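This report concerns only the one structure given below.
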There are 2 protein chains.
Amino acid sequence: MTLDAIDKKLLTFLQQDCKQTNKELSSKLNLSVTAVYERIKKLEREGIIKQYVSVVNKEKIGLKFVVFCQIKLAQHTKEYLTKFESEVKKLEEVLECFHVSGEYDYLLKVIVGDMDQFRNFMVTKLTTIQHIGSTQSSFSISEVKNTTAINIR
Amino acid sequence: MTLDAIDKKLLTFLQQDCKQTNKELSSKLNLSVTAVYERIKKLEREGIIKQYVSVVNKEKIGLKFVVFCQIKLAQHTKEYLTKFESEVKKLEEVLECFHVSGEYDYLLKVIVGDMDQFRNFMVTKLTTIQHIGSTQSSFSISEVKNTTAINIR
DNA sequence: TGCTTTATAGAAAAATTTTCAGCAATGACT
DNA sequence: AGTCATTGCTGAAAATTTTTCTATAAAGCA
(Lines give C-alpha, C1' and ligand atoms only; values in the text may rest on other atoms or scores of the structure.)
Protein backbone atom coordinates (compact mmCIF):
# COMPACT_ATOMS: atom_id res chain seq x y z
CA MET A 1 0.00 0.00 0.00
CA THR A 2 1.20 3.47 -0.83
CA LEU A 3 0.24 6.42 1.30
CA ASP A 4 -0.95 9.56 -0.41
CA ALA A 5 -0.63 13.04 1.03
CA ILE A 6 -3.98 12.75 2.81
CA ASP A 7 -3.03 9.47 4.48
CA LYS A 8 0.19 11.04 5.69
CA LYS A 9 -1.61 14.00 7.19
CA LEU A 10 -4.17 11.68 8.73
CA LEU A 11 -1.45 9.56 10.35
CA THR A 12 0.23 12.67 11.64
CA PHE A 13 -3.00 13.84 13.26
CA LEU A 14 -3.77 10.42 14.71
CA GLN A 15 -0.30 10.14 16.19
CA GLN A 16 -0.93 13.41 18.03
CA ASP A 17 -4.44 12.57 19.19
CA CYS A 18 -6.28 9.45 18.19
CA LYS A 19 -9.46 10.46 20.01
CA GLN A 20 -10.34 13.22 17.63
CA THR A 21 -13.70 12.58 16.00
CA ASN A 22 -13.92 11.79 12.33
CA LYS A 23 -15.83 15.03 11.97
CA GLU A 24 -12.87 17.02 13.28
CA LEU A 25 -10.51 15.09 11.05
CA SER A 26 -12.79 15.48 8.06
CA SER A 27 -12.74 19.25 8.33
CA LYS A 28 -8.94 19.30 8.75
CA LEU A 29 -8.56 17.11 5.68
CA ASN A 30 -11.38 18.56 3.59
CA LEU A 31 -13.08 15.21 3.28
CA SER A 32 -16.38 13.68 4.26
CA VAL A 33 -16.72 11.83 7.54
CA THR A 34 -17.15 8.55 5.68
CA ALA A 35 -14.02 9.07 3.61
CA VAL A 36 -12.00 9.62 6.79
CA TYR A 37 -13.62 6.58 8.35
CA GLU A 38 -12.73 4.37 5.39
CA ARG A 39 -9.16 5.62 5.25
CA ILE A 40 -8.61 4.91 8.93
CA LYS A 41 -10.10 1.42 8.63
CA LYS A 42 -7.78 0.72 5.72
CA LEU A 43 -4.72 1.88 7.67
CA GLU A 44 -5.79 -0.44 10.49
CA ARG A 45 -6.36 -3.39 8.14
CA GLU A 46 -2.96 -2.89 6.53
CA GLY A 47 -1.33 -2.85 9.94
CA ILE A 48 0.07 0.61 9.42
CA ILE A 49 -1.79 1.67 12.54
CA LYS A 50 -0.65 -0.94 15.06
CA GLN A 51 -2.61 0.12 18.09
CA TYR A 52 -4.27 2.94 19.95
CA VAL A 53 -2.84 3.65 23.38
CA SER A 54 -3.17 6.00 26.31
CA VAL A 55 0.12 7.62 27.22
CA VAL A 56 0.61 7.78 30.96
CA ASN A 57 2.64 10.52 32.64
CA LYS A 58 5.24 8.43 34.43
CA GLU A 59 6.28 11.19 36.82
CA LYS A 60 2.71 11.46 38.08
CA ILE A 61 2.73 7.86 39.15
CA GLY A 62 6.06 8.14 40.89
CA LEU A 63 8.34 6.76 38.20
CA LYS A 64 10.83 9.57 37.88
CA PHE A 65 13.97 7.62 37.21
CA VAL A 66 15.01 6.59 33.71
CA VAL A 67 18.14 4.52 33.28
CA PHE A 68 19.81 3.13 30.19
CA CYS A 69 21.61 -0.14 30.78
CA GLN A 70 24.12 -1.54 28.35
CA ILE A 71 24.71 -5.24 28.71
CA LYS A 72 27.42 -7.55 27.50
CA LEU A 73 26.84 -11.29 27.53
CA ALA A 74 29.52 -13.73 28.65
CA GLN A 75 29.22 -15.62 25.39
CA HIS A 76 27.26 -15.06 22.21
CA THR A 77 25.67 -18.42 21.68
CA LYS A 78 22.15 -18.52 20.34
CA GLU A 79 21.08 -20.19 23.56
CA TYR A 80 22.43 -17.40 25.76
CA LEU A 81 20.91 -14.68 23.60
CA THR A 82 17.48 -16.31 23.54
CA LYS A 83 17.53 -16.97 27.25
CA PHE A 84 18.53 -13.40 28.06
CA GLU A 85 15.87 -11.97 25.78
CA SER A 86 13.05 -14.04 27.20
CA GLU A 87 14.04 -13.12 30.75
CA VAL A 88 14.34 -9.42 30.01
CA LYS A 89 10.93 -9.33 28.35
CA LYS A 90 9.37 -10.33 31.64
CA LEU A 91 10.82 -7.43 33.62
CA GLU A 92 8.23 -4.73 34.16
CA GLU A 93 10.90 -2.08 34.71
CA VAL A 94 12.22 -2.59 31.17
CA LEU A 95 10.24 -0.64 28.60
CA GLU A 96 12.66 -1.09 25.73
CA CYS A 97 15.30 -3.64 24.90
CA PHE A 98 17.31 -3.65 21.69
CA HIS A 99 19.97 -6.06 20.54
CA VAL A 100 22.62 -3.71 19.21
CA SER A 101 25.96 -3.61 17.47
CA GLY A 102 29.03 -2.25 19.20
CA GLU A 103 30.85 -2.95 22.39
CA TYR A 104 27.74 -3.98 24.31
CA ASP A 105 25.12 -6.47 23.14
CA TYR A 106 21.93 -4.99 24.51
CA LEU A 107 20.60 -1.57 25.31
CA LEU A 108 17.75 -1.36 27.82
CA LYS A 109 15.56 1.52 28.87
CA VAL A 110 14.55 1.03 32.47
CA ILE A 111 11.99 3.01 34.45
CA VAL A 112 11.83 3.01 38.23
CA GLY A 113 10.87 5.35 41.05
CA ASP A 114 14.26 6.19 42.51
CA MET A 115 17.83 5.06 42.93
CA ASP A 116 16.84 2.62 45.64
CA GLN A 117 14.42 0.86 43.36
CA PHE A 118 17.04 0.85 40.66
CA ARG A 119 19.56 -0.82 42.96
CA ASN A 120 16.91 -3.36 43.84
CA PHE A 121 16.15 -3.93 40.16
CA MET A 122 19.83 -4.50 39.36
CA VAL A 123 20.58 -6.75 42.29
CA THR A 124 17.44 -8.87 42.43
CA LYS A 125 16.31 -8.88 38.80
CA LEU A 126 18.67 -7.88 36.03
CA THR A 127 21.94 -9.35 37.25
CA THR A 128 20.31 -12.57 38.32
CA ILE A 129 19.83 -13.42 34.65
CA GLN A 130 22.36 -16.05 33.66
CA HIS A 131 25.36 -15.37 31.45
CA ILE A 132 25.54 -11.63 31.81
CA GLY A 133 29.13 -10.57 31.32
CA SER A 134 29.07 -6.92 32.30
CA THR A 135 26.72 -3.97 32.53
CA GLN A 136 27.08 -0.23 32.25
CA SER A 137 24.33 2.17 33.33
CA SER A 138 23.64 5.78 32.36
CA PHE A 139 21.11 7.80 34.29
CA SER A 140 18.83 10.25 32.61
CA ILE A 141 19.49 13.78 33.81
CA SER A 142 16.76 15.29 31.66
CA GLU A 143 14.38 14.26 28.95
CA VAL A 144 15.03 16.49 25.96
CA LYS A 145 12.67 14.77 23.54
CA ASN A 146 10.52 11.67 23.84
CA THR A 147 7.80 11.09 21.30
CA THR A 148 5.89 8.16 19.86
CA ALA A 149 4.98 10.10 16.74
CA ILE A 150 6.92 9.22 13.63
CA ASN A 151 7.36 11.82 10.95
CA ILE A 152 5.83 10.30 7.85
CA ARG A 153 8.17 11.07 4.98
CA MET B 1 -4.28 11.94 43.77
CA THR B 2 -3.88 8.34 44.81
CA LEU B 3 -4.81 5.54 42.45
CA ASP B 4 -6.88 2.69 43.77
CA ALA B 5 -6.81 -0.85 42.40
CA ILE B 6 -9.55 -0.05 39.87
CA ASP B 7 -7.69 2.99 38.53
CA LYS B 8 -4.58 0.89 38.09
CA LYS B 9 -6.44 -1.78 36.16
CA LEU B 10 -8.13 0.90 34.10
CA LEU B 11 -4.80 2.50 33.20
CA THR B 12 -3.40 -0.88 32.30
CA PHE B 13 -6.30 -1.53 29.94
CA LEU B 14 -6.13 1.93 28.39
CA GLN B 15 -2.41 1.60 27.78
CA GLN B 16 -3.11 -1.56 25.80
CA ASP B 17 -6.05 -0.18 23.86
CA CYS B 18 -7.55 3.23 24.44
CA LYS B 19 -10.32 2.71 21.90
CA GLN B 20 -12.18 0.16 23.96
CA THR B 21 -15.66 1.39 24.75
CA ASN B 22 -16.62 2.30 28.28
CA LYS B 23 -19.06 -0.58 28.11
CA GLU B 24 -16.26 -3.06 27.52
CA LEU B 25 -14.21 -1.48 30.28
CA SER B 26 -17.17 -1.40 32.64
CA SER B 27 -17.67 -5.14 32.32
CA LYS B 28 -13.95 -5.84 32.82
CA LEU B 29 -13.96 -3.65 35.92
CA ASN B 30 -17.40 -4.56 37.25
CA LEU B 31 -18.55 -0.97 37.22
CA SER B 32 -21.22 1.05 35.49
CA VAL B 33 -20.45 2.84 32.25
CA THR B 34 -20.75 6.21 33.98
CA ALA B 35 -18.34 5.23 36.75
CA VAL B 36 -15.75 4.27 34.15
CA TYR B 37 -16.39 7.49 32.30
CA GLU B 38 -15.90 9.61 35.42
CA ARG B 39 -12.72 7.79 36.39
CA ILE B 40 -11.20 8.31 32.96
CA LYS B 41 -12.13 12.00 32.97
CA LYS B 42 -10.48 12.37 36.36
CA LEU B 43 -7.28 10.68 35.17
CA GLU B 44 -7.25 13.08 32.22
CA ARG B 45 -7.86 16.14 34.42
CA GLU B 46 -5.08 15.11 36.77
CA GLY B 47 -2.71 14.72 33.83
CA ILE B 48 -2.07 11.08 34.63
CA ILE B 49 -3.29 10.28 31.14
CA LYS B 50 -1.17 12.61 29.02
CA GLN B 51 -2.53 11.82 25.59
CA TYR B 52 -4.15 9.28 23.33
CA VAL B 53 -2.09 8.27 20.33
CA SER B 54 -2.10 5.96 17.36
CA VAL B 55 0.98 3.78 17.21
CA VAL B 56 2.31 3.48 13.69
CA ASN B 57 4.20 0.41 12.48
CA LYS B 58 7.46 2.00 11.41
CA GLU B 59 8.55 -0.96 9.27
CA LYS B 60 5.39 -0.64 7.20
CA ILE B 61 6.29 2.90 6.24
CA GLY B 62 9.84 2.01 5.33
CA LEU B 63 11.61 3.03 8.52
CA LYS B 64 13.44 -0.15 9.36
CA PHE B 65 16.61 1.25 10.79
CA VAL B 66 16.95 2.15 14.47
CA VAL B 67 20.19 3.67 15.66
CA PHE B 68 21.30 4.82 19.08
CA CYS B 69 23.71 7.72 19.01
CA GLN B 70 25.76 8.72 21.99
CA ILE B 71 27.05 12.27 21.85
CA LYS B 72 29.72 14.11 23.71
CA LEU B 73 29.82 17.90 23.62
CA ALA B 74 33.06 19.81 23.23
CA GLN B 75 32.32 21.80 26.36
CA HIS B 76 29.61 21.64 28.98
CA THR B 77 28.55 25.25 29.18
CA LYS B 78 24.86 25.96 29.63
CA GLU B 79 24.88 27.72 26.29
CA TYR B 80 26.24 24.70 24.42
CA LEU B 81 23.81 22.34 26.11
CA THR B 82 20.79 24.50 25.39
CA LYS B 83 21.82 25.05 21.80
CA PHE B 84 22.36 21.36 21.18
CA GLU B 85 19.04 20.45 22.74
CA SER B 86 17.02 22.93 20.75
CA GLU B 87 18.65 21.78 17.51
CA VAL B 88 18.14 18.11 18.23
CA LYS B 89 14.47 18.63 19.03
CA LYS B 90 13.93 19.82 15.48
CA LEU B 91 15.29 16.68 13.85
CA GLU B 92 12.47 14.45 12.65
CA GLU B 93 14.72 11.38 12.71
CA VAL B 94 15.24 11.73 16.46
CA LEU B 95 12.40 10.19 18.46
CA GLU B 96 14.12 10.28 21.82
CA CYS B 97 16.88 12.36 23.30
CA PHE B 98 18.05 12.09 26.90
CA HIS B 99 20.71 14.04 28.69
CA VAL B 100 22.55 11.32 30.56
CA SER B 101 25.30 10.69 33.04
CA GLY B 102 28.42 8.79 32.06
CA GLU B 103 31.04 9.10 29.39
CA TYR B 104 28.68 10.61 26.83
CA ASP B 105 26.33 13.53 27.39
CA TYR B 106 23.35 12.57 25.26
CA LEU B 107 21.69 9.41 24.10
CA LEU B 108 19.53 9.64 20.99
CA LYS B 109 17.17 7.16 19.41
CA VAL B 110 17.16 7.74 15.67
CA ILE B 111 14.84 6.18 13.12
CA VAL B 112 15.58 6.12 9.39
CA GLY B 113 14.94 3.94 6.38
CA ASP B 114 18.38 2.50 5.74
CA MET B 115 22.08 2.99 6.20
CA ASP B 116 22.20 5.52 3.41
CA GLN B 117 19.63 7.70 5.07
CA PHE B 118 21.51 7.33 8.31
CA ARG B 119 24.74 8.51 6.72
CA ASN B 120 22.85 11.43 5.28
CA PHE B 121 21.34 12.20 8.70
CA MET B 122 24.76 12.15 10.35
CA VAL B 123 26.56 14.18 7.73
CA THR B 124 23.95 16.80 6.90
CA LYS B 125 22.02 17.07 10.14
CA LEU B 126 23.45 15.74 13.37
CA THR B 127 27.12 16.61 13.00
CA THR B 128 26.34 20.04 11.64
CA ILE B 129 25.17 21.02 15.11
CA GLN B 130 27.81 23.22 16.72
CA HIS B 131 30.05 22.08 19.55
CA ILE B 132 29.65 18.35 19.17
CA GLY B 133 32.79 16.71 20.50
CA SER B 134 32.35 13.11 19.44
CA THR B 135 29.67 10.59 18.60
CA GLN B 136 29.29 6.86 18.88
CA SER B 137 26.52 4.93 17.14
CA SER B 138 25.03 1.53 17.83
CA PHE B 139 22.72 -0.08 15.32
CA SER B 140 19.72 -2.09 16.36
CA ILE B 141 20.04 -5.70 15.28
CA SER B 142 16.67 -6.70 16.69
CA GLU B 143 13.92 -5.21 18.78
CA VAL B 144 13.46 -7.45 21.80
CA LYS B 145 10.93 -5.31 23.63
CA ASN B 146 9.47 -1.91 22.90
CA THR B 147 6.37 -0.81 24.73
CA THR B 148 4.70 2.43 25.74
CA ALA B 149 2.77 0.74 28.52
CA ILE B 150 4.04 1.35 32.01
CA ASN B 151 3.39 -1.23 34.67
CA ILE B 152 1.45 0.62 37.35
CA ARG B 153 2.88 -0.48 40.66
C1' DT C 1 -16.54 1.05 -25.13
C1' DG C 2 -17.92 -1.49 -21.25
C1' DC C 3 -16.62 -3.46 -16.90
C1' DT C 4 -14.59 -3.46 -12.38
C1' DT C 5 -12.54 -1.24 -8.69
C1' DT C 6 -11.79 2.58 -5.70
C1' DA C 7 -12.85 6.73 -3.34
C1' DT C 8 -16.18 9.74 -2.20
C1' DA C 9 -20.62 11.93 -0.27
C1' DG C 10 -24.86 12.12 2.31
C1' DA C 11 -28.45 9.93 4.94
C1' DA C 12 -30.03 6.48 8.11
C1' DA C 13 -29.17 3.22 11.71
C1' DA C 14 -26.60 1.61 15.50
C1' DA C 15 -23.68 2.40 19.16
C1' DT C 16 -21.22 5.29 22.23
C1' DT C 17 -20.33 9.27 24.97
C1' DT C 18 -21.98 12.64 27.92
C1' DT C 19 -25.23 14.69 30.96
C1' DC C 20 -28.47 14.41 34.53
C1' DA C 21 -31.10 13.12 38.69
C1' DG C 22 -31.03 10.41 42.54
C1' DC C 23 -28.91 7.63 46.21
C1' DA C 24 -25.56 5.87 49.64
C1' DA C 25 -21.24 6.30 52.03
C1' DT C 26 -17.65 9.14 53.95
C1' DG C 27 -15.58 12.72 56.42
C1' DA C 28 -15.52 17.46 58.41
C1' DC C 29 -17.45 20.55 61.48
C1' DT C 30 -20.59 22.31 65.02
C1' DA D 1 -24.95 12.96 67.59
C1' DG D 2 -26.50 15.71 63.82
C1' DT D 3 -25.85 18.49 59.70
C1' DC D 4 -23.60 19.51 55.58
C1' DA D 5 -20.59 18.98 51.74
C1' DT D 6 -18.13 15.80 48.98
C1' DT D 7 -17.37 11.67 46.49
C1' DG D 8 -18.48 7.80 43.83
C1' DC D 9 -21.86 5.13 42.15
C1' DT D 10 -26.17 3.73 39.22
C1' DG D 11 -29.57 3.88 35.52
C1' DA D 12 -31.94 6.66 32.19
C1' DA D 13 -32.09 10.31 28.79
C1' DA D 14 -29.91 13.35 25.57
C1' DA D 15 -26.32 14.40 22.50
C1' DT D 16 -22.84 12.96 19.59
C1' DT D 17 -20.24 9.74 17.07
C1' DT D 18 -19.44 5.60 14.58
C1' DT D 19 -20.90 2.50 11.29
C1' DT D 20 -23.67 0.93 7.58
C1' DC D 21 -25.95 1.64 3.38
C1' DT D 22 -27.04 3.58 -1.16
C1' DA D 23 -25.57 6.13 -4.83
C1' DT D 24 -22.31 8.54 -7.80
C1' DA D 25 -18.07 9.85 -10.07
C1' DA D 26 -13.39 8.90 -11.38
C1' DA D 27 -9.69 5.74 -12.62
C1' DG D 28 -7.72 1.47 -14.40
C1' DC D 29 -8.01 -2.07 -17.70
C1' DA D 30 -9.37 -5.74 -21.13
Side-chain angles (χ1 to χ4, degrees), chain A residues 1-63 147-153, chain B residues 1-63 147-153:
Chain A
M1 174 186 183
T2 58
L3 302 174
D4 67 12
I6 298 176
D7 289 322
K8 290 178 185 180
K9 272 194 188 178
L10 179 53
L11 283 172
T12 303
F13 292 140
L14 290 175
Q15 285 186 109
Q16 306 299 330
D17 175 13
C18 69
K19 287 244 174 162
Q20 295 171 83
T21 63
N22 292 340
K23 205 165 123 197
E24 290 174 295
L25 290 166
S26 72
S27 83
K28 289 181 187 173
L29 296 168
N30 287 103
L31 275 182
S32 70
V33 170
T34 306
V36 170
Y37 176 82
E38 291 297 346
R39 276 174 184 266
I40 293 175
K41 287 297 153 195
K42 187 168 182 194
L43 292 168
E44 292 171 0
R45 275 197 310 275
E46 299 280 341
I48 290 168
I49 295 177
K50 245 200 294 199
Q51 34 166 200
Y52 295 101
V53 306
S54 301
V55 178
V56 168
N57 185 332
K58 58 186 185 312
E59 283 79 15
K60 292 256 169 150
I61 54 167
L63 299 175
T147 181
T148 52
I150 298 170
N151 225 298
I152 318 281
R153 294 165 262 221
Chain B
M1 174 187 183
T2 57
L3 302 173
D4 67 13
I6 298 176
D7 289 322
K8 291 177 184 178
K9 273 194 188 177
L10 179 53
L11 283 172
T12 303
F13 292 140
L14 291 174
Q15 285 185 109
Q16 306 298 330
D17 175 12
C18 69
K19 286 246 173 159
Q20 295 172 82
T21 63
N22 292 340
K23 204 166 126 198
E24 289 174 294
L25 290 166
S26 71
S27 83
K28 289 181 187 172
L29 296 169
N30 286 104
L31 275 182
S32 70
V33 170
T34 306
V36 170
Y37 176 83
E38 291 297 346
R39 276 175 183 266
I40 293 175
K41 287 297 153 194
K42 186 167 183 195
L43 291 167
E44 291 170 1
R45 275 198 309 275
E46 299 281 341
I48 290 168
I49 296 177
K50 245 199 293 199
Q51 41 170 192
Y52 296 101
V53 307
S54 301
V55 179
V56 168
N57 186 331
K58 58 186 185 313
E59 283 78 15
K60 292 256 169 150
I61 54 167
L63 299 175
T147 181
T148 53
I150 298 171
N151 225 297
I152 318 280
R153 295 167 263 223

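Just so we're clear, the structure is a prediction, and the values are computed from it rather than from any experiment. Numbers restart at 1 for each chain; the letters A, B, ... are given by sequence-line order, proteins then strands.
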Arg39(A)/Asp4(A) ion pair, N-O < 4.0 Å: yes

Assess whether side chain to side chain contact (heavy atoms under 4.5 Å, CB included) is satisfied between Ile150(A) and Lys58(B), documenting all intermediate values. CA-CA 8 Å; Ile150(A) 298 170; Lys58(B) 58 186 185 313; 3.5 Å; yes

Check this for me, if you would: do Glu44(B) and Lys41(B) make a salt bridge, where the nitrogen-to-carboxylate-oxygen distance has to be below 4.0 angstrom? yes

Got a sec: does the NZ of Lys23(B) have more than 12 other heavy atoms crowding it under 6.0 Å? no

Provide, to the nearest angstrom, the distance between the CG atom belonging to Leu3(B) and the C1' atom belonging to dG8(D). 16 Å

Suppose we call a contact any N or O donor and acceptor under 3.5 Å apart; does that hold for the side chain of Thr34(B) and the base of dG8(D)? no

Kindly compute the distance separating CG (Leu10(A)) from NZ (Lys28(A)), expressed to the nearest 0.5 Å. 10.5 Å

Please report, rounded to the nearest Å, how far the P atom of dT19(D) is from the CZ atom of Arg45(A). 13 Å

Ile6(A) side, atom CD1; Leu11(A) side, atom CG - distance, nearest 0.5 Å: 12.0 Å

Specify the separation, in whole Å, of atom CD of Glu38(A) and atom P of dT18(D). 13 Å

Anything under 4.0 Å to a heavy atom of chain B counts; send over the first and last such nucleotide of DNA chain C, read 5' to 3'. dT16(C) to dC20(C)

Here the distance between atom P of dT19(D) and atom NZ of Lys23(A), to the nearest Å, is 16 Å

Which residue lies more 5' along DNA chain C, comparing Lys41(B) with Val36(A) via nearest heavy atoms: Val36(A)

Touch class at under 4.0 angstrom, heavy-atom based, for Thr21(B) against every strand present: sugar-phosphate

Can Gln51(B) and Lys19(A) be counted as having a side-chain donor-acceptor contact under 3.5 angstrom? no

OP1 or OP2 of dT18(D) versus the side-chain N and O atoms of Tyr37(A): is any pair under 4.0 Å? no

Round to a whole Å and report the spacing from CD of Glu46(B) to C1' of dT7(D). 13 Å

Does Lys19(B) reach a base, just sugar-phosphate, or nothing at all? Heavy atoms under 4.0 Å. nothing

In whole angstrom, what separates Leu31(B)'s CG from dG11(D)'s C1'? 14 Å

